[in-house]
Enquirer: 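The structure's right below; bear with me while I get my questions together.
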Amino acid sequence: MEKYLKRSVESSSNEENSKKKHHCIEFNPDDVISDPGLRKPINEFDISIRDQIRREYLIRGPCQPFGHSYPRKQFGKEHRSFQDAWFKKFSWLEYSISKDAAFCFCCYLFANSQRGCRGRDEAFTNSGITNWKKAIETFNTHVGGVSSVHNDARTQLEAFQNQRQSVSHLLQAQGRAIEVAYRTRLTAVLDVTRFLLKQGLPFRGHDESLHSLNKGNFLELIEWYTQRNDDVAKTMNDNAPGNNQMKSPTIQKELTRACATEVTNVILNDIGDNIFSLMVDECRDSSVKEQMGVVLRYVNKQGCVIERFLAVVHVSDTSAISLKKAIDELFAKHKLSLSRLRGQGYDGASNMRGEYNGLKALILKENSSARYIHCFSHQLQLVVVAVAKSNRIVSDFFQYVTMIVNIAGASCKRKDKFRQIEHDRLLEGLEKGDIVSGKGKKSGNQFKTTRGYSLGFALYDYCSFNIFVEFCFTSA
Ligand SMILES: [Zn+2]
């Protein structure tokens, strides 16, 4: 109880206390006093500066005033004084000129912090030794055995001087090693994530248990990487802490999200303050969720037209208002402004291009410069439908095409035959020089644009197709 009362009294004189504390917390070189008889006990310094004080004392070394005229004192019939020679014998020995007493340097710095000095040993840090008659005997007793207070203090002093072995240094070194291992592990996992994302591969497996033969792309790829890279192997699996394996689905998602954010930032930085166009289409995904894909089209700093897929947004329904709301949210999230929009392109659905309440109209209300352009592929489809409706031959042609594709697609044998005919024709074309082969371009480079390519390829396929039809009829 008394203890608490004392504390409350102390707290009442808060101001004084804080002053005192402030004085103690900041290291002041004046606190380091050479004369051991005038020193403040090391424990009275604030713990935060105690090591600093010790370091300062260690730099200065023990107070050994060689050559001082030590006063002589009477012991019985003899007069005795402190001897310089003792400094040579006991390197830790200190002499206080003011008190004419001997002290222990090691015990002053370290003994109190652990077990504390008791009895005779206490004199070496407090009052000092003044009995010169039995000085050597007292000094030897003070040094004592291996586990004496003095030897303990000496060991601590040596450890303190050798910072590489000190606990704090070991902890720091360990901390650095852990950090390096963590970085290696993170980089490896991130590399795997980036690879899977780039190739558009799924991460998870059906069975990710330890004994599974196929744990899914992510875990298998990490395993593969670990087996081939020693540095990574040293930081993965059993060499990593149990709670820091970096392989959990949550981590996978976080890394994926981080990659997505980075990619989005690159796109947004590329757009900068430029104007851009917006392309949107909505579709139902395999889990029957209505999704809206958003693509931005802009001219980059090099003057090239760039189309970048920005996001897939889940929408509750495909009404123009909810689509507009989703776009507004997306724009706000990425700090894009509708005022910089100069074009919008959608399919012909009424919710998109409706004259009054379609998405197009809603955006035009806010920004009249956002010109609407009907999607070219959808336009082409509309043209084909219109032509097929008004022309019997064209209509029949598309009907037959559908029927024959169905017949050919249903049988592997027929499909193989079709492929063979196509292959032969391709070979013939190459030999004759009608088709020029090119690297990375499926069947030649005569069709420069994507659209041209598909149209040309379709026509070319049509020739193969005719032969195939002949084959079907002759073999039937
Ligand atoms: Zn000592």
Side-chain angles (χ1 to χ4, degrees), residues 277-286 292-293 295 297 305 307 318 320 343-356 358-361 371-438 441-476:
S277 300
L278 173 74
M279 286 184 277
V280 174
D281 199 6
E282 85 279 21
C283 180
R284 204 175 283 183
D285 72 1
S286 56
M292 178 178 77
V295 173
R297 193 179 153 98
V305 178
E307 258 176 36
T318 54
Q344 37 180 337
Y346 319 117
D347 58 12
S350 63
N351 61 341
M352 300 304 251
R353 57 167 291 201
E355 234 17 84
Y356 300 105
L359 181 63
K360 161 200 158 187
R371 295 241 161 234
Y372 171 75
I373 294 155
H374 197 168
C375 167
F376 184 82
S377 305
H378 281 89
Q379 271 188 32
L380 181 68
Q381 189 203 6
L382 290 176
V383 168
V384 170
V385 170
V387 171
K389 267 184 187 166
S390 59
N391 191 320
R392 187 68 188 266
I393 302 166
V394 176
S395 166
D396 284 349
F397 167 77
F398 282 108
Q399 245 173 20
Y400 285 131
V401 167
T402 319
M403 279 158 70
I404 293 167
V405 165
N406 285 341
I407 291 167
S411 154
C412 300
K413 222 164 123 189
R414 288 178 215 143
K415 226 175 175 176
D416 278 349
K417 192 70 201 170
F418 181 63
R419 279 203 198 105
Q420 188 58 47
I421 294 167
E422 195 189 340
H423 175 255
D424 292 345
R425 271 194 65 85
L426 199 68
L427 220 64
E428 199 188 319
L430 279 169
E431 276 166 8
K432 282 184 184 167
D434 293 345
I435 305 165
V436 185
S437 73
K441 287 173 189 169
K442 271 184 188 171
S443 71
N445 56 8
Q446 73 271 47
F447 310 119
K448 290 263 165 73
T449 62
T450 318
R451 211 172 290 131
Y453 171 82
S454 49
L455 198 63
F457 201 69
L459 286 172
Y460 181 76
D461 272 356
Y462 179 65
C463 301
S464 307
F465 189 69
N466 271 341
I467 301 168
F468 174 69
V469 173
E470 271 170 38
F471 160 78
C472 281
F473 281 114
T474 49
S475 63

Enquirer: So how far is it from Leu278 CG to Lys360 NZ, rounded to the nearest 0.5 Å?
Expert: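 Output value for this atom pair is 14.0 Å.
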Enquirer: Calculate, to the nearest 0.5 Å, the distance between atoms SG and CD belonging to Cys375 and Gln381 respectively.
Expert: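 Taking SG in Cys375 and CD in Gln381, the distance rounds to 9.5 Å.
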Enquirer: With rounding to the nearest 0.5 angstrom, report the CZ to CG distance, Phe397 to Asn391.
Expert: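 The CZ atom of Phe397 sits 12.0 Å away from the CG atom of Asn391.
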Enquirer: For residues His423 and Leu427, determine if any side-chain heavy atom of one lies less than 4.5 Å from a side-chain heavy atom of the other.
Expert: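 Result yes, sub-4.5 Å side-chain heavy-atom pair found.
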Enquirer: Return the minimal non-hydrogen interatomic distance between Ser395 and Ala388, and the atom names on each side.
Expert: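 Nearest pair, atom of Ser395 first, then Ala388: CB-O, 3.2 Å.
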Enquirer: Roughly how far, to the nearest 0.5 Å, is the CD atom of Glu307 from the OG atom of Ser277?
Expert: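 Here the interatomic distance stands at 9.0 Å.
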Enquirer: Is a donor from one side chain sitting under 3.5 angstrom from an acceptor on the other, for Gln420 and Asp416?
Expert: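 Side-chain D/A pair, Gln420 to Asp416: absent.
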Enquirer: Output yes when a side-chain donor or acceptor of Ser411 lies under 3.5 Å from a complementary backbone atom of Ala408, and no otherwise.
Expert: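 Side chain of Ser411 to backbone of Ala408: no pair is present.
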Enquirer: Starting at CE of Met279, measure out to CD1 of Ile373 and round the result to the nearest 0.5 Å.
Expert: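 Answer rounded to 0.5 Å: 9.5 Å.
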Enquirer: Got a donor-acceptor contact below 3.5 angstrom from the Arg414 side chain to the Ile407 backbone?
Expert: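 Checking the backbone N and O of Ile407 against the side chain of Arg414, a donor-acceptor pair under 3.5 Å is found.
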Enquirer: For Ala320 and Gly358, which heavy atoms make the closest approach, and how far apart are they?
Expert: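 Nearest heavy atoms, Ala320 then Gly358: CB-C, 3.7 Å.
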Enquirer: In Å and rounded to the nearest 0.5 Å, what is the CG to CD distance from Asp347 to Glu282?
Expert: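 Here the rounded value is 6.0 Å.
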